[in-house]
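Reviewing the structure listed below.
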Amino acid sequence: MNTEGVFNLFTMAAIPRSMKALVKAKPGQSYEYKDVPVPQPGQGELLIKVNKVAICGSDITLYQWGEVAKTIAAIPFTPGHEAVGEIVAVGPDVPPEFKIGNRICVENHYYCGHCYQCTHGEPHICQNLSQYGHGKGTIYGGCSEYSIVPARYAYLLKTNLDDSKAVILEPCGVAHQALDSIHPKGEDILIQGCGPIGMFAIAIAKIMGATKIIVCDIIDAKLEAAKQVGADVVINTKTQNLREIVMKETDGNGVGRLLDATGFAPLINTCFTLLRKGGAVVLVGLPKDPIHIEDPLPNVVFKSLTLKTVHGRRIFKDWEETEKMMSENLINTGPIITHDFPLSKFEEAFSTLMSGAGCKILVTPGK
């Protein structure tokens, strides 16, 4: 047993018996904000005091509880798959590096450890994936004052990075993996979409050495924010001709690299026309409609393109790389983190998220 014990007397004194949490106990929109018992960590588990949680587009799906939610989540559960917290108690057989007082971020892709992907260095795309904050394999999530996290899925922070930045390492890691897969150094790149992952991609592309960063969206305010993060050229596809500007900015060649963070099928369908021969595209956004390719011979086959997709973060490579970038202040998070709500005002937080008025929205439990 770990020498800290399960709940020694010292840690018990600081841990209440009950806590506030969001819970979806039955099908339907929204969550209950209620008192629930503080759980005890079992074998290999940590109890963390949640400092910050961030919500994203997929959280809208779970909040509204439509048909898609029924396939990616299971009731009952507490939402919040992007979380940072402090270890306040440990269960038996927890590795000694996890000490009370350490801060961790949650790797929400709970891998099985024995499938083909897990045994070949790709646990983030495990065949039997469970997910924190989705009710898949665990009822726990970050929208609670305390939470249970198995130590194997806990990323130990290596710096004193502020909680507000630490909690967004999860989506930042997605952008990092995506860009790392297409090697943007020395290339012009088009980034489609200025949501949080698109914004992180802008900053990371700059760090990785992209020569010109072209960004498109349909909201002028987001495009202005993109400039602050590192975009060189911004295009409003509602009022401007995307292809015409991309070709002008690349001397008629097309971009060498393209990252889609919209999931908007019509935009994905035409993106291949914007790539130069020998280019590479990575799809990060989640399409809700079928994707097809216009004129596949000239636009794909004869261009000898590379197509990549990503899901999640490499464990824990992308966490380590993005924490380093954040700790060195290489990523301007000011335009990205737009709101921070108390957990008690979760309805306002979700309303803001669904309205599109914010970019990255944080929530603070215990308030």
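For reference, positions follow the sequence shown, starting with 1. For the numbers below, each heavy atom of this structure counts, side chains included, while hydrogens, waters and symmetry mates do not.
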Heavy-atom nearest pair, W65 first then A74, reads CH2-N, 4.4 Å
So V23 and Y33, do their side chains get closer than 4.5 Å, heavy atoms only?
no
Determine whether more than 12 heavy atoms belonging to other residues, nucleotides or ligands lie under 6.0 Å from atom CG of N160.
no
Can you give me every donor-acceptor pair (side chain of residues 76-86, partner residue at least two apart or in another chain, under 3.5 Å) with its distance?
residue, atom, partner, partner atom, Å
T78, OG1, L22, O, 2.9
E82, OE1, K360, NZ, 2.9
E82, OE2, K360, NZ, 3.4

Verify the distance criterion only: is there a donor paired with an acceptor across the side chains of D220 and N236 at less than 3.5 Å?
yes
Identify, with sequence neighbours excluded, every residue that meets side chain to side chain contact (heavy atoms under 4.5 Å, CB included) alongside P290.
none
Are any of the side-chain nitrogens in K70 or E67 under 4.0 Å away from the carboxylate oxygens of its partner?
yes
How close do V282 and S181 get, heavy atom to heavy atom, and via which atoms?
CG2-OG, 3.8 Å
Would K324 and E328 pass as an ion pair if we require N to O under 4.0 Å?
yes
Would you kindly say whether Q117 and Q127 are connected by a side-chain donor-acceptor distance under 3.5 Å?
yes
K303 (side chain) donor-acceptor with L275 (main chain) under 3.5 angstrom
yes
Can I182 be reached from I291 by stepping across I, L, V, M, F, W or Y side chains whose heavy atoms are under 4.5 Å apart?
no
Pairing donors with acceptors under 3.5 angstrom, does anything connect the side chains of S30 and E347?
yes
Using modelled atom types only, decide if a donor and an acceptor are shared between the side chain of N241 and the backbone of R243 within a distance under 3.5 Å.
yes
SB check E145 K49 (cutoff 4.0 Å):
no
In terms of ring plane angle, is the pair H339 and F341 parallel, tilted or perpendicular, where the classes change at 30° and 60°?
parallel
Which residue, L179, V284, T322, forms the side chain to side chain contact (heavy atoms under 4.5 Å, CB included) with V174?
V284
Below 4.5 Å, heavy atoms only, C-beta onward: do I207 and M325 meet side chain to side chain?
yes
Would you tell me whether N329 and K165 have side-chain atoms, one donor and one acceptor, within less than 3.5 Å of each other?
yes
Give the minimum heavy-atom separation between V246 and L274, together with the two atoms involved.
CG1-O, 4.1 Å
Do V281 and C271 have side chains that approach each other closer than 4.5 Å (heavy atoms only, starting at C-beta)?
yes
Same cluster or not: F346 versus I337, using hydrophobic residues (I, L, V, M, F, W, Y) connected whenever any side-chain heavy atoms lie under 4.5 Å apart?
no
Using the side chain to side chain contact (heavy atoms under 4.5 Å, CB included) rule, pick out the option among V310, T262, L259, I268 that qualifies with L283.
I268
Provide the closest heavy-atom pair for G254 versus T250 in the form atom of the first, atom of the second, distance.
N-OG1, 3.0 Å
Count I, L, V, M, F, W, Y as connected when their side-chain heavy atoms are under 4.5 Å apart, and connections chain through other members. Are L223 and I336 then in the same cluster?
yes
Roughly how far, to the nearest 0.5 Å, is the CE atom of M199 from the CD1 atom of I168?
11.0 Å
Would you check if the side chain of N102 reaches a backbone N or O of K99 as a donor-acceptor pair within less than 3.5 Å?
yes
Please tell me whether Y132 and S147 have a donor and an acceptor in their side chains that are separated by less than 3.5 angstrom.
yes
Check the pair V94 / E45 against side-chain contact (heavy atoms from CB on, under 4.5 Å), numbers first and verdict last.
CA-CA 7 Å; V94 167; E45 293 180 336; 5.8 Å; no
Please check if any side-chain donor atom of T364 sits under 3.5 Å from a side-chain acceptor atom of K52, or the reverse.
yes
Say whether, by atom type as modelled, one donor and one acceptor occur between the side chain of R257 and the main chain of D188 under 3.5 angstrom.
no
CD (Q192) and CG (D217) are apart, to the nearest 0.5 Å, by 10.5 Å
salt_bridge(R276, E187) N-O dist < 4.0 Å:
yes
Please determine whether the number of non-hydrogen atoms from other residues, nucleotides or ligands lying under 6.0 Å from atom NZ of K185 exceeds 12.
no
Quick check: do H109 and I125 have side-chain heavy atoms less than 4.5 Å from each other?
no
Closest non-hydrogen atom pair, E249 against I214:
CB-CD1, 3.9 Å
Keeping the roles fixed (side chain from D295, backbone from P298), state whether a donor-acceptor pair exists under 3.5 Å.
no
Straight-line distance of Y153 OH to T138 OG1, nearest 0.5 Å
10.0 Å
Flag for E323-T159: side-chain donor and acceptor within less than 3.5 Å:
yes
Could you tell me if the side chain of C194 sits less than 4.5 Å from the side chain of I219, heavy atoms only?
no
Has L286 got more than 12 heavy atoms of other residues, nucleotides or ligands less than 6.0 Å from its CG?
no
Quick one: do F200 and I202 satisfy side-chain contact (heavy atoms from CB on, under 4.5 Å)? Show the steps, please.
CA-CA 5 Å; F200 288 129; I202 295 167; over 6 Å; no
So, K227 and D232, do they make that salt bridge, N to O below 4.0 Å?
no
Same hydrophobic cluster for I204 and V215, using side-chain heavy-atom links shorter than 4.5 Å among ILVMFWY?
yes
Think K136 forms a cation-pi with Y110, using NZ or CZ under 6.0 Å from the six-ring centre and within 45 degrees of its axis?
no
Between R103 (side chain only) and L161 (backbone N and O only), is there a donor and an acceptor less than 3.5 Å apart?
yes
Are any non-hydrogen side-chain atoms of H183 and M208 less than 4.5 angstrom apart?
no
Smallest separation among heavy atoms of C216 and T237, with atom names
CB-CG2, 3.7 Å
Would you confirm whether S144, through its side chain, and Y140, through its main-chain N or O, come within 3.5 Å as a donor-acceptor pair?
no
Answer yes or no: does atom NZ of K308 have more than 12 heavy-atom neighbours from other residues, nucleotides or ligands under 6.0 Å?
no
Rounded distance (nearest 0.5 Å) linking atom OG1 of T211 with atom CD1 of I213:
8.5 Å
Drop me the distance from C115's SG to N128's CG, to the nearest 0.5 angstrom.
5.5 Å
Just so I know, are the side chains of V363 and D340 near enough to count as touching, which here means a heavy-atom distance under 4.5 Å?
no
Which residue pairs satisfy the ring pair (Phe, Tyr, Trp, His ring centres under 6.0 Å) criterion with at least one member in residues 246-297, sequence neighbours excluded?
none
Using the rule that Ile, Leu, Val, Met, Phe, Trp and Tyr join whenever any side-chain heavy atoms are under 4.5 Å apart, tell me whether V229 and L330 fall into a single cluster.
yes
Indicate yes or no: at least one non-hydrogen side-chain atom of L362 is less than 4.5 angstrom from one of S164.
yes
Side chain of Q177, backbone of G312: donor and acceptor closer than 3.5 Å?
yes
Nearest 0.5 angstrom please: I104 CD1 to L46 CG, how far?
6.0 Å
Backbone N/O of C172 and side chain of H176: donor-acceptor pair under 3.5 Å
no
